[in-house]
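All remarks here apply to the structure that follows.
Bear in mind the structure is a predicted one, so any value in this text is a computation, not a measurement. Protein chains get the first letters and strands the later ones, always in sequence-line order, with residue 1 at the start of each.
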Amino acid sequence: MRYWLMKSEPDDVSIDDLASMGEVGWYGVRNYQARNFMRDAMALGDGVLFYHSSCPQPGVAGLAEVSRLAYPDPTQFDPESRYFDPKSTPDQPRWQQVDVRFVRKTRLLSLDEMRRMPTLAGMQVLQRGNRLSITSVSEAEWRDILALLD
DNA sequence: GCCAACGTTGGC
DNA sequence: GCCAACGTTGGC
C-alpha cells in the first residue's frame, strides 16, 4: 500500500467533479516519470491526495484511491483531444492511466499551509522546481496530512 | 502575464 | 551522447 499526491486542474476535474462522478480515468499524463508511477508502482487501494493545481487556491482538496490499474489512456489516440499523441498507436500505446475513486472531500489544505508544516518539508511536491503531476507520499506524510484535515 | 525550473527534441 | 533551443508546468 502506497500513497500518492495527484494534481488536477479544478477547471478540468475538481474534487466536486470527482464526487459526482464517483470515479475518473486519470487521463492526460504526458510525463514519463508520472506515467511510470502509474504503470509500475500503483496498486489497487493506494491512497491519493487529490490536489488542485493551477488555480487561485492550490492545495489538497480531498482523498481518493486507486480503483483500476494502469491501462492505455484513450485520449492519446483521439486527434480531437489536446492530449493526442501522433506517435502513439493502439498496438504500442505510449501513455497509461489509472482510475481513481472518490473517497471524501476535505477542507482545503493550502499549499501555503503545507509549506509551513516542518514535518511536511520533505514532501516531493514541495521541493523546489517540482512540476511532476504525480508524486509519492510517505506513510508519515500521509498520516500527518490526514491529521491536519480532520 | 511573468518567469523559474525542468523535460523533451533534434541537430551534430 | 551532448547540449542548445524550445515547450510546459504551475505558483505568484
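In this structure, of B/dT9, C/dG11, C/dG7, it is C/dG7 that holds the atom nearest to the side chain of A/R131. Proximity note for A/S53 (side chain, C-beta onward) versus C/dG10, B/dT8, B/dG10: the nearest is C/dG10. The nucleotide whose nearest atom lies closest to any side-chain atom of A/R128 is, among C/dG11, B/dT8, B/dA5, B/dA5.
Checking the phosphate oxygens (OP1, OP2) of C/dG10, a side-chain nitrogen or oxygen of A/K7 falls inside 4.0 Å. In this model, the phosphate group of C/dG11 is approached by a side-chain N or O of A/Y51 to a distance below 4.0 Å at OP1 or OP2.
Straight-line distance from the CG atom of A/N31 to the P atom of C/dG7: 18 Å, rounded to whole Å. Atom CG in A/L126 sits roughly 16 Å away from atom C1' in C/dT9 (whole-Å rounding). Between the P atom of C/dT9 and the CZ atom of A/R82 lies a distance of 7 Å, rounded to the nearest Å. Rounded to a whole Å, the CG atom of A/N130 is 9 Å from the P atom of C/dG11. In this structure, OH of A/Y32 is placed 7 Å from P of B/dT8, rounded to the nearest angstrom. Atom CG in A/N36 sits roughly 10 Å away from atom P in B/dT8 (whole-Å rounding). One interatomic measurement links the two molecules: CG of A/L132 to P of B/dT8, which rounds to 9 Å at whole-angstrom precision. The separation between A/L111 atom CG and C/dG10 atom C1' is 10 Å, rounded to whole Å.
No side-chain N or O of A/T135 forms a donor-acceptor pair with one of A/Q124 less than 3.5 Å apart. Between the side chains of A/Y32 and A/R94, at least one donor N or O sits under 3.5 Å from an acceptor N or O.
Of all the heavy atoms in A/E23 and A/S67, the pair that sits closest is OE2-OG, 2.5 Å.
Under the 30°/60° scheme for interplanar angles, the aromatic rings of A/W4 and A/F37 are found to be tilted.
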